[in-house]
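Below is one structure, written out as C-alpha cells; the observations come after it.
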Amino acid sequence: MPRLQAIDPANAQGKAKALLDGVGKALGKTPNIMRTMANAPAVLDAYLAFNRALGAGSLTPETREAVALTVASLNGCDYCAAAHTAGGRALGLTAGELSRNLDGGSADPGRAAALALATAIVEKRGWASDTDLEAARAAGYDDGGIAEIVAVTAINTFTNYFNHVAETALDFPAVAAPRRAA
C-alpha cells in the first residue's frame with residue numbers, strides 16, 4: 001500500500017497539473033512515480049529536467065536504461081526494475097539483455113563497462129577507484145561519458161529511494177529486482 005499518495009492528473013492544480021499534463025502528453029500515460037512526485041512539484045520538475053538533460057547527452061537510451069536496471073537491482077527497487085524493463089523493451093532490448101542488465105551485465109562490451117562502473121559507484125557509495133575509471137576509459141568512455149554514467153546512476157538511485165519511501169504502486173508489468181543490494 002502506497003505511503004505517499006499519487007496525484008490524479010485530473011484533480012491536479014497549478015504547477016503539478018502543468019507538469020503531469022506534460023508527462024501524459026509525452027508518454028501517453030502518467031506513471032505513478034511521477035504522479036507521486038507531483039506532491040512536491042519542485043521534485044517532479046527537477047526529476048524531469050535532469051532526465052531531459054541526460055537525454056541530450058552522449059549515452060545511448062539503451063545504455064541509460066541498462067544502467068537504470070543495474071541500479072534498480074543493486075538497490076532492490078521492483079518499481080524501477082519494472083519501469084525500465086518496459087522502457088528497454090520499447091527500445092528493442094531483448095529479454096535476455098534486460099535480464100543481463102538486471103544482473104549488472106550486457107552482451108555489448110561498451111555497455112557492460114558502463115554497468116560495471118555504475119555498480120562500483122553504488123557499491124562503493126561513489127568512491128569508484130582508479131581501476132574502475134580505467135576500465136571505463138578502456139571501453140571508450142571519456143571524462144564526459146564517465147560523468148554521464150555517474151549522473152544516470154545518481155538519478156536512478158534517487159528514484160529507487162523515492163519508491164522505497166513512497167511504496168509507489170506498480171503500474172508496469174511486474175519484474176522483481178534480483179536484490180543485489182550493495
Side-chain heavy-atom pair E62, E97 within 4.5 angstrom cut-off: no

Checking V71 against H84 for the side-chain contact (heavy atoms from CB on, under 4.5 Å) test, could you report, in this order, the C-alpha distance in whole Å, the side-chain angles of both residues, the deciding distance, and whether it holds? CA-CA 11 Å; V71 173; H84 292 288; over 6 Å; no

Do F162 and C80 touch side chain to side chain, with heavy atoms closer than 4.5 Å? no

Any chance NZ of K29 has more than 12 other-residue heavy atoms, nucleotides or ligands included, within less than 6.0 Å? yes

Short side-chain to backbone donor-acceptor contact, N39 and Q5, under 3.5 Å: yes

What are the two closest non-hydrogen atoms of H164 and N75, and how far apart are they? NE2-O, 2.8 Å

Okay, side chain of D8, backbone of A10: is any donor-acceptor separation there less than 3.5 Å? yes

I need the minimum non-hydrogen distance between N101 and T70, along with the two atoms involved. O-OG1, 2.6 Å

Measuring only between side-chain heavy atoms, which start at C-beta, is T63 closer than 4.5 Å to V152? no

Mind checking whether M34 and L48 have side chains closer than 4.5 Å, heavy atoms only? yes

All heavy atoms of A81 vs all of A72, minimum pair found to be N-CB, 3.7 Å

Would V67 and L115 satisfy side-chain contact (heavy atoms from CB on, under 4.5 Å), going step by step from the backbone distance to the final call? CA-CA 6 Å; V67 169; L115 301 183; 3.8 Å; yes

Which heavy atom of P41 sits nearest to which heavy atom of L19, and what is that distance? O-CD1, 3.5 Å

Which one of D142, D130, D143, D132 satisfies the salt bridge (charged side-chain N to carboxylate O under 4.0 Å, His left out) criterion with R137? D143

Out of curiosity, does L27 fall in the hydrophobic cluster containing L54 (side-chain heavy atoms, cut-off under 4.5 Å, transitive links)? yes

Side chains of L102 and V175: does their closest heavy-atom pair fall under 4.5 Å? yes

With side chains defined as the heavy atoms from C-beta onward, is the minimum distance between Y141 and L117 less than 4.5 Å? no

So F158 and V43, do their side chains get closer than 4.5 Å, heavy atoms only? yes

To the closest 0.5 Å, what do you measure between CD (E65) and OG1 (T60)? 9.5 Å

Tell me the closest heavy-atom pair linking K124 and S129, and the distance in Å. NZ-OG, 3.7 Å

The side-chain contact (heavy atoms from CB on, under 4.5 Å) partner of R89 among L91, L93, T85 is T85

If we only count heavy atoms from C-beta on, is the T159 to M37 side-chain gap below 4.5 Å? yes

